[in-house]
> 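This is the structure I have questions about; it appears just below.
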Amino acid sequence: MGFQNEMKQMFLHVAAGNVEPEEWEKWWNSNKARLEAALTRGDRVRMMPALWSADYYWMVKTQSGIAYYFHAQGRPVKTSGYYEEKAKEEEIRNRQKAMEAYQRDTAFARRIWEEYLERHPAESVTFDWKSLLGTPSGQNPAKAFGYKNAGTQEQWKECKDELKLRLKENLQAKIAPVAKAYGMKKAGPKTFVREKNGLVYRIQFIGYFRGGGYEAMSCYLCPIYAIEFGILGLPGHICQGEDFQRMHKDWGVIQYGTEAVDAAMVERINRKFDDILGFLADGVLPEWQKIDSLETYFAKERRDYLKATEKGPNDPRTGRPMWDLGREEKADPWRADDYLFGVWDLLTGKEADGYARLEECVRHNSDYMENRRKEFPGACNDPRDAMAVMYYNAQLFVRTKEIADAEKRKNAIWEMYEEVCRFMRYYHGLAKKTERNG
C-alpha cells in the first residue's frame, strides 16, 4: 500500500475517533518528510498546529483539520464525537487538579481565617435553596410566537414585555426567597439590602440601558459609610470561580429583548436563574454571613485570606490564571481604599494614619471634583455619582482634624461618622431619600 493510501486510512481512523493522541503523534512524527510532500502547508497546520500536544483537546483540532481536508477533496466524512467528549472529561480533571493545588496553596491563610471565625462565631443560616431550582412555581405557560427575531416596533415591544415577565417570575421565585432567608429586604423591584452592625449587604439587578432585561448583577458587602468600589471583597474562588463563570456564560439570554420568548427561551431563562441562584446561595451569601461586624470585616486574618486568594490557578487550557483580582501594585485610581481604611483608622483611634489616608483621597480627587461641582452642584448627594459622594464624605472627616482638643476631636469623629452613615443609608437603598448640604 502506497503512502497516500496509508495516510488517508489513518485520517479516516482519526475521523472515526479510533486513534489515541500518543498514537497519532508517533505516526505523524515518523512520517513528517512524506507528509510535507503529500500535504499543503495549510493542511499540515490545521492537522498539527504549532502548540499541539498529545491530549484530546488537540485531537479535536486535528480531527477538524482532517474533516476539512476531505471536504476540500469533495468527499466529506462523518466525524465521531469521541475526542470532544474525552476533551471535556480531560478538562474537568485538569481543572479539578488545578483547584486542588490552589486549595493547598491557600490552606494556611484559610486555616487562620477559620480559626478567627471560631473565636467570633456568627449566626448560621440553613436554607434549602436547591428546592427553588427548575421551573418557578406557578410560572405562566410559554407564549407562542409567529417569528424568531423581532422585526418591527410592535414585535420588539412584545418580546421585551414577555422577557420582563419571565425575569420577574424567576426573581420572585428564586432570588427573593434566598435573600429573605439571609435577612435581606427589598429596596425596589430588583434590589435586596440588609444592614447589620455597621455593614450593608446589597444585591441589585441592573436594567439593560436599551430596555429589555438585566445588563448585570451587582452584589457587595461594605461598611455603611463606604462605597462599593475598592472594597475588601470575596475570596477569588467565590467571586470569580466556576459558579461565577457558569453564571455569566450565555448571560445575554436575560439581557436582550429582541428574540421571541417562546418555550425554549423560557427554559433557558429558568436555567440561567438557576445559575444565579447557585452563585448567590452556595457562595456569596454564606460567605457574607460569616462577617457580621466591622471588626470581622477589617480583621487582618480576613485580609490575609483575601490576599492569598486574589490570583487563581492557571487554566490548564490557556496557561493563564483563572482569575486575577490583584492590581499588580498599581494605585487604586479613586483612592477608595484610602477612604475605606482612613475612616476605620479614625474610628479605632489611629488618627495619624486615618487623616493621612483621607487627605490623600481628597487631594487625589480634588481636580475632578472641582470640575464636577461646576457641572453638577448636587453630585455629592447623588447615589449615581459614587466618586463625588466618597470625596465629600472624606472631606467631612478631614475637617475634624482642625479640632485641637483630643477628646472633642474624638467625639466629633463619631458624630461625623453617624452623620455620614445617615446619608449613606439612602445611598445604599437602606432608607428613603436624605438631604444634606453639598
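Positions are given from 1, in the same order as the sequence printed here.
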> I'd like to check Met47 versus Ser64 (side-chain heavy atoms, cut-off strictly below 4.5 Å). Are they in contact?
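SC-SC contact between Met47 and Ser64 ruled out.
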> For the residue pair Tyr83 and Val19, what are the closest heavy atoms and their distance?
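Minimum heavy-atom separation between Tyr83 and Val19: OH-O, 2.5 Å.
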> Restricting to side-chain hydrogen bond (donor to acceptor under 3.5 Å, both in side chains), what partner residues turn up for Glu90, sequence neighbours left out?
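Glu90 satisfies side-chain hydrogen bond (donor to acceptor under 3.5 Å, both in side chains) with no other residue.
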> Taking the six-membered ring of Phe279 as reference, does the cationic atom of Arg246 (NZ for Lys, CZ for Arg) lie under 6.0 Å from its centre and within 45° of its axis?
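Geometry flag: not set, cation outside 6.0 Å or 45°.
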> Are side-chain heavy atoms of Met59 and Val14 found at a separation under 4.5 Å?
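Yes, their side chains come closer than 4.5 Å.
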> Please assess Arg271 against Asp275 for the test salt bridge (charged side-chain N to carboxylate O under 4.0 Å, His left out), listing each intermediate value before the final yes or no.
CA-CA 6 Å; Arg271 289 200 302 268; Asp275 294 338; over 6 Å; no
> Show the numbers, then the answer: is there a side-chain hydrogen bond (donor to acceptor under 3.5 Å, both in side chains) between His428 and Tyr201?
CA-CA 9 Å; His428 293 298; Tyr201 311 70; over 6 Å; no
> Taking 4.0 angstrom as the limit, do Glu301 and Arg119 come out as a salt bridge?
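Salt bridge present between Glu301 and Arg119.
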> Between Arg399 and Glu402, is the closest basic N to carboxylate O distance under 4.0 Å?
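Not counted as a salt bridge, because no side-chain N and carboxylate O are separated by less than 4.0 Å.
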> Got a second to check how far Arg372's CZ is from Asp367's CG, nearest 0.5 Å?
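Going from CZ on Arg372 over to CG on Asp367, the span is 15.0 Å.
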> Whether Glu419 and Arg436 form a salt bridge (side-chain N of Lys/Arg under 4.0 Å from carboxylate O of Asp/Glu) is what I want to check.
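Salt bridge between Arg436 and Glu419, a charged N being under 4.0 Å from a carboxylate O: no.
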> Please evaluate residues Arg303 and Trp113 with respect to the criterion side-chain contact (heavy atoms from CB on, under 4.5 Å), reporting the C-alpha separation (whole Å), side-chain torsions for both, the decisive distance (0.1 Å), and the verdict.
CA-CA 9 Å; Arg303 286 186 281 132; Trp113 167 231; over 6 Å; no
> Please identify each residue that fulfils side-chain hydrogen bond (donor to acceptor under 3.5 Å, both in side chains) with Lys401, with sequence neighbours left out.
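So Lys401 forms a side-chain hydrogen bond (donor to acceptor under 3.5 Å, both in side chains) with Glu359.
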> Indicate yes or no: at least one non-hydrogen side-chain atom of Phe127 is less than 4.5 angstrom from one of Lys180.
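No, too far: nothing below the 4.5 Å cut-off.
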> Would you indicate whether the side-chain heavy atoms of Cys380 and Val389 approach each other to under 4.5 Å?
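Not in contact.
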> Quick check with a 6.0 Å cut-off and a 45 degree axis cone: is Lys148 positioned over the face of Phe145's six-membered ring?
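Because its charged atom misses either the 6.0 Å distance or the 45° angle limit, Lys148 does not stack over Phe145.
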> Let me confirm one number: the CG-CD1 distance from Leu163 to Ile269, rounded to the nearest 0.5 Å.
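Answer for the CG-CD1 pair, Leu163 versus Ile269, is 5.0 Å.
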